[in-house]
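Following: one structure in structure tokens, then a few remarks.
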Amino acid sequence: MSNDSTKEKRAFRKPRPNPARLLAYDLVSQVNREGAYANLRLPELLAKSNLEERDRAFATELSYGTLRMQGKHDFAISSKIDRPFSELDGIVVDLLRLGIHQIFEMRVPIHAAVSESVEVARAVAGESKATYINALLRSISSDTGIFDRLRSDISVSELYKLSILYSHPEWIIGAYFDQLKDWGSVERLLEVNNIPVAPHIVVWPGKSTVEEILATGGTKLPFGEYSILSDHQPNDYPAVKDKRAGIQDMGSQLVAEIFAATLDESAANWLDLCAGPGGKAALINNILKVSAPEVSFTANEPTKHRAELVARVLPASQIISFDGRKFEDFPIKYDRILIDAPCSGLGALRRRPEARWRRSLNDLKELIPLQRDLIDSAYQMLNPGGIIGFATCSPLLAETKAQILDAKHRFKDLELMDISEFSPAGSTGVLADGTLQLWTHLDGSDSMFMALLRKKL
């Protein structure tokens with residue numbers, strides 16, 4: 001048989017894509033092309049699949065990893081194409097990213113990474129695009145020193161190098177450096193942001209115990225009384241499956257515990273002003289039910305779908321839905337108000353693979369005024385002697401210290417409290433001014449910020 005007839009026969013062979021890789025492509029495509037959220041869509045795709053546990057883990061690693069590292073992958077693509085990157089078809093880009101991730105970031109032999117990626121391409125993009133992808137992946141895989149050359153290139157700025165090698169937008173890296181003031185520390189943070197982490201379990205006091213969770217498996221985490229690093233799937237834990245415990249990063253748990261620890265005899269009415277999706281509200285509510293059942297705790301969430309999430313972990317009778325900026329709509333004044341403010345989320349990039357590509361500096365133009373308005377509203381609703389807890393999952397100065405300085409300037413009777421007096425982690429992460437700033441590479445948690453502000457009597 002001639003070579004031409006062999007190629008023709010191969011071209012008309014039905015594609016046989018690996019199911020785990022095909023699922024990974026579906027997720028990456030839906031996230032990048034349709035705006036889906038990986039953490040919500042992946043469980044749905046896995047539930048519809050017939051994948052065994054090993055293949056489910058492979059699909060998760062490949063899809064999440066590709067989404068995290070696609071900035072790095074795009075650099076490799078750009079080095080081998082003969083046209084502007086922006087002119088490439090989106091389907092082709094995502095297929096190339098998946099193949100490159102297997103070549104450079106996973107334990108997949110190069111020949112398998114290329115051939116299996118081409119099979120997926122044949123199934124979803126057709127023979128012509130699959131041929132193009134095959135040629136590009138072979139060219140890229142033959143140049144394994146591409147990133148080593150970039151790292152050693154003295155003509156390239158440190159910011160640009162880190163942006164490519166660790167697949168973060170430059171503006172995010174710059175924001176980290178503004179706080180850390182050291183490129184070595186920034187690089188460690190970027191590296192940790194790219195390492196998958198097992199879920200953190202939160203025990204809800206009165207409903208479950210640390211001992212019960214550990215009986216299934218896991219390791220007690222260092223911060224707080226209720227945090228456990230899981231070593232099983234969440235639903236393998238009866239308490240999680242029965243909604244007697246939850247999934248929540250250790251840093252968020254610490255924020256909730258600190259706020260709950262401000263309890264005293266004068267704190268009768270508590271409000272979580274921005275409660276959705278309900279993690280902090282659930283922990284605070286259960287702590288208070290055990291330690292101070294007479295206290296009234298209310299969770300406010302104006303967005304319908306987020307309020308529905310809160311209702312899964314809190315009684316409906318404790319949930320209200322008002323615009324948090326309109327203090328006049330709230331029925332009473334409060335002694336404790338938690339503002340878990342909408343923010344850029346740059347402190348939780350390791351858990352949200354696509355988030356780094358969806359945020360921009362322009363988002364801050366809406367977020368900063370919103371955070372300011374929420375503080376203003378909380379101040380108006382706060383009784384004298386009451387405390388505001390302001391928290392963001394962000395290390396950006398504009399969303400952290402700047403908001404607190406601004407609030408203190410506008411409201412002279414707000415005084416900053418020392419969080420170390422209330423934190424179960426003591427002085428860990430507490431800055432000289434008494435605020436809290438955790439860092440993922442230092443503390444093993446999301447990079448949470450928190451400040452406590454007391455309204456003078």
Side-chain angles (χ1 to χ4, degrees), residues 199-208 223-227 239-240 242-263 267-325 327 329-332 334-343 345 348 371 374-375 377-378 381-382 386-393 422 424 436 445-446 448-452:
H200 293 179
I201 296 175
V202 55
V203 168
W204 290 333
K207 294 182 177 178
S208 56
F223 296 167
E225 296 183 33
Y226 311 109
S227 56
V240 175
D242 299 340
K243 293 184 171 58
R244 295 181 292 108
I247 302 299
Q248 185 180 38
D249 182 81
M250 176 175 63
S252 291
Q253 294 184 45
L254 183 61
V255 165
E257 283 195 65
I258 289 169
F259 191 64
T262 67
L263 175 69
N269 293 301
W270 295 55
L271 175 68
D272 185 343
L273 190 57
C274 315
K280 295 181 182 68
L283 180 53
I284 294 168
N285 183 58
N286 283 291
I287 290 174
L288 293 176
K289 278 192 171 183
V290 170
S291 59
E294 72 282 1
V295 164
S296 171
F297 179 81
T298 302
N300 178 67
E301 177 49 57
T303 307
K304 182 180 178 181
H305 75 275
R306 290 173 68 86
E308 291 171 351
L309 295 176
V310 179
R312 297 179 185 179
V313 296
L314 214 66
S317 60
Q318 293 178 242
I319 303 171
I320 57 177
S321 294
F322 296 119
D323 185 334
R325 296 167 293 184
F327 66 90
D329 291 345
F330 288 76
I332 63 172
Y334 299 90
D335 305 297
R336 298 288 185 273
I337 302 177
L338 176 65
I339 308 172
D340 185 19
C343 69
Q371 293 163 7
L374 290 169
I375 292 173
S377 180
M381 286 190 282
L382 189 67
I387 297 172
I388 293 172
F390 178 82
T392 62
C393 188
F422 304 95
L436 175 79
S445 70
D446 289 349
M448 299 294 302
F449 172 84
M450 186 182 192
L452 294 175

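In this structure, S377 and G324 approach most closely via the heavy-atom pair OG-O, 2.7 Å. In terms of heavy-atom proximity, I284 sits nearest to A256 at CG1-O, 3.6 Å. Counting all heavy atoms, side chain and backbone alike, V313 lies closest to W204 at CG1-CH2, 3.5 Å. In terms of heavy atoms, E301 sits closest to G276 at OE1-N, 2.8 Å. The two residues G386 and R336 have their closest heavy-atom pair at CA-NH1, 4.0 Å. Closest approach of D335 and A268 over heavy atoms only: OD2-N, 2.9 Å.
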Problem - Working for side-chain contact (heavy atoms from CB on, under 4.5 Å), residues I258 and M450 - result: CA-CA 9 Å; I258 289 169; M450 186 182 192; 3.9 Å; yes

Practice task
Check the pair F390 / L374 against side-chain contact (heavy atoms from CB on, under 4.5 Å), numbers first and verdict last.
Solution key: CA-CA 10 Å; F390 178 82; L374 290 169; over 6 Å; no

Practice task
Show your reasoning for whether side-chain contact (heavy atoms from CB on, under 4.5 Å) applies to K207 and K243.
Solution key: CA-CA 9 Å; K207 294 182 177 178; K243 293 184 171 58; over 6 Å; no

Problem - Chi angles and distances behind the side-chain contact (heavy atoms from CB on, under 4.5 Å) call for I388, L382 - result: CA-CA 8 Å; I388 293 172; L382 189 67; 3.7 Å; yes

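Once rounded to the nearest 0.5 Å, the distance linking OG1 of T298 with CG of L273 reads 11.5 Å. The structure places CG of D249 at 9.5 Å from OG of S227, a figure rounded to the nearest 0.5 Å. Rounding to the nearest 0.5 Å places CG of D446 at 11.5 Å from OG1 of T392. The OH atom of Y226 sits 10.0 Å away from the OG atom of S208 when rounded to the nearest 0.5 Å. Atom CD1 of I319 sits about 5.0 Å away from atom CG of L314, to the nearest 0.5 Å. Note that the CD1 atom of I337 and the CD1 atom of I375 stand 11.5 Å from one another [nearest 0.5 Å].
Considering only heavy atoms from C-beta on, F223 stays 4.5 Å or farther from Q253 through its side chain. Side-chain contact between F259 and L283: absent, with no pair of heavy atoms (C-beta onward) separated by less than 4.5 Å. Considering only heavy atoms from C-beta on, F297 comes within 4.5 Å of D272 through its side chain. Contact check for P342 versus C274: side-chain heavy atoms found under the 4.5 Å cut-off. For the pair M448 and L254, the minimum side-chain heavy-atom distance is 4.5 Å or more. Taking 4.5 Å as the limit, every side-chain heavy atom of P199 sits out of range of all side-chain heavy atoms of I201.
The number of heavy-atom neighbours closer than 6.0 Å to CZ of R244, taken from other residues, nucleotides and ligands shown, is above 12.
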